[in-house]
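Reminder, nothing fancy here: chain letters follow the sequence lines and each chain counts from 1.
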There are 2 protein chains.
Amino acid sequence: MVARKVKLSDVARRAGVSPATVSRAISQPDLLSAATLKRVRAAAQALGYVPDGAARALASGRSMTIGAIVPTLDSTIFARFLQSLQSTLARDGYQLLVASHEMNPAAETEAVRMLLARGADGLILVGADRPRSTLDLLRTGSAPVVLTWCGAPDFACVTVDNERAGYLAAQHLVELGHARIGMVTGRLSFNDRQRARLAGARQAMREAGHEIPDWRVNEQDLSLAGGRIGCAALLQLDTPPTAIIGTIDLLAIACLQEARARRLTVPTDLSIVGIDDVDMSAYLTPSLTTVHIPTGRIGQMAAEMVVSLLENGEAQTHVDLPIELVVRRSTARAGGKA
Amino acid sequence: MVARKVKLSDVARRAGVSPATVSRAISQPDLLSAATLKRVRAAAQALGYVPDGAARALASGRSMTIGAIVPTLDSTIFARFLQSLQSTLARDGYQLLVASHEMNPAAETEAVRMLLARGADGLILVGADRPRSTLDLLRTGSAPVVLTWCGAPDFACVTVDNERAGYLAAQHLVELGHARIGMVTGRLSFNDRQRARLAGARQAMREAGHEIPDWRVNEQDLSLAGGRIGCAALLQLDTPPTAIIGTIDLLAIACLQEARARRLTVPTDLSIVGIDDVDMSAYLTPSLTTVHIPTGRIGQMAAEMVVSLLENGEAQTHVDLPIELVVRRSTARAGGKA
DNA sequence: TTGTAGGCGTTATCAG
DNA sequence: CTGATAACGCCTACAA
């Protein structure tokens, strides 16, 4: 719309130095004398110079951009995760390029390809459950990759023990005397987090001499609507569970709402446990007993990991963040007494 | 890690054609004969060729990347907004580059500069309230800009009448006989959406012969914690309001929780109205009366607008999306009777 | 500390 | 329909 683009050489001419000097002024200021640096900066300022990222990327081989692929952007969890990634990366001068796959493996592969094509210097993905072809693409790519939540042995990753999360949730219920517990989970395919949480809960019950039969596990969309449907289905069984675990807080919150809609009192009539510990959970009435997952930390660590992988070449490549049960008011002893 | 990068010319050699032909095979397939096209594609496939975005961007002047700057990623609203932007842009082959400013004007300016430097072909921002210098930077930049939620006359924008949103919320309360209403708002500076919603509510009250004095307006962080604090403050006034408007659902939901914590029954003892109509609002007990804002549509339209600005040069540059009051169970006649 | 020169991988303009 | 041949704007040895 306005004057044609100001380029490096324009600044150089204005400052009376060579293009190389201007280039250095941007990327390696220390190599210049204070005087010239100042002069170059003044010239750049005056001309309103903005370096061309594409050209820099092409010449230097680095785009200062990190790609992140999440299942969906429309989720409390991933929103916080991205916020955390974004702010941490920004500190190091990197920009975040985001993509989502909406639970479609092919879309994820496509996203990886696109991000790589866009020149992302590094990639951050969620989970490790994806087609071998995608994994190969990731390994082949020259960009460092960091997996989050769930990891794979041959990839750098920032994990959380999802199986243990499910275990802790169920164990808590066992300790309260519950033997018949139901679960509302998200879709299990292409989602290792969900599978692990379910498996962990089953493990805890098994160790206590109980089981969670398939018909007490209800697979739903990860939404409030899904949670309510799943909860309703479990409550309508001939022998309804005395407690329900939602594999993510959103689902558990929906269960809380469904229970209330059915005039059941939580936790007296029904205990409910979630996993994640989102903000909302602490503020509900009754507040939700859940397993805390350090979502923000996962993002921060993942960001720091790609950056250090990128800049130091090396880095600790396996971090497992601690999780813990947070007992609040949505759980009580089986049998009705709080 | 592996073989050095496969480039255009490698594919060309393998396919026995010139580099130019390979380039066309990617960007203008129609110009090639079916036979050569097929041959080139096979070669590219075999070599695992991935075009270099930086080089393409440098040579073509377009990065196929759109930058979006939101106040924060960590919000239901903006998460949905971004999701919508992302999926719409993806359809046209664009990638989303995101940044957030956490309510810091300077950070936003910095983000604009960075996004422009990264070669974003277009920019999507939230609101129109920012320093003149940033506006100038936006105008100067050669990239089309689309403002969302609130607009400015000389920018393309996808808006929603925030003032009317506040107006509708208050008007509904007036019709229910409420004269003393309180408001819990977010920080008003650097946030035209909040100011407009507050102003609209005041306008509605004024027209009804009432006022919303400053001391019945409580400015808080846009969080559940903020909402509860704000609600508590209003309820502790000598003459507490009979109804409260939260300028975003999150705040209103927090008010609902605070009211319950104080053993107040909503809507009998206190009516509460929100603005946004997030998913959760419909599922709460009582469900939240609120003003529906088509968040997803805003994102979709904004995305379509940048793209058409980019590709057709022209486009409708001012779209105002309709909003409407959604009456649910959190409001009732003043005086206690539902 | 600063200048020179060649190249990064594609696209685009022109011929053929 | 396809092939040469310049740019594109910046970085980076290498030289001074």
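The main-chain N or O of A:Ser84 is never found under 3.5 Å from a side-chain atom of A:Gln300 such that the two would form a donor-acceptor pair. A distance-only check finds a donor-acceptor pair linking the side chain of A:Arg130 to the backbone of A:Gly127 [under 3.5 Å].
Side-chain contact, A:Glu102 with A:Thr72: a donor N or O sits under 3.5 Å from an acceptor N or O. Between the side chains of A:Gln86 and A:Gln95, not a single donor N or O lies within less than 3.5 Å of an accepting N or O.
DNA chain D lies under 4.0 Å from at least one heavy atom of each of the following residues of residues 33-46 of chain B: B:Ser33, B:Thr36.
Protein atom CZ of A:Arg13 is 13 Å distant from nucleotide atom P of D:dG9, rounded to whole Å. A straight line from CG of B:Leu58 to C1' of D:dA6 spans 13 Å, rounded to a whole angstrom.
For residues 39-51 of chain B, no residue pair satisfies the side chain to side chain donor-acceptor pair (under 3.5 Å) rule, not counting sequence neighbours.
Heavy atoms of A:Leu32 sit under 4.0 angstrom from primed sugar atoms or phosphate atoms, though from no base atom.
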Quick one, give me the B/S/- string for nucleotides 10-16 of chain D, reading 5' to 3', where B means a protein heavy atom under 4.0 Å from the base and S means that only happens at the primed atoms, P, OP1 or OP2. BSBBB--

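The residue among B:Gly16 and A:Ala54 whose nearest nucleotide of DNA chain D lies closer to the 5′ end is B:Gly16.
A salt bridge does not link B:Asp30 to B:Arg24: none of the charged side-chain nitrogens sits closer than 4.0 Å to a carboxylate oxygen. Electrostatic pairing of A:Asp10 and A:Arg13 counts as a salt bridge here, judged by a charged N lying under 4.0 Å from a carboxylate O.
The aromatic rings of B:Phe81 and B:Trp149 sit perpendicular to each other, their planes meeting at more than 60°, with 30° as the lower class boundary.
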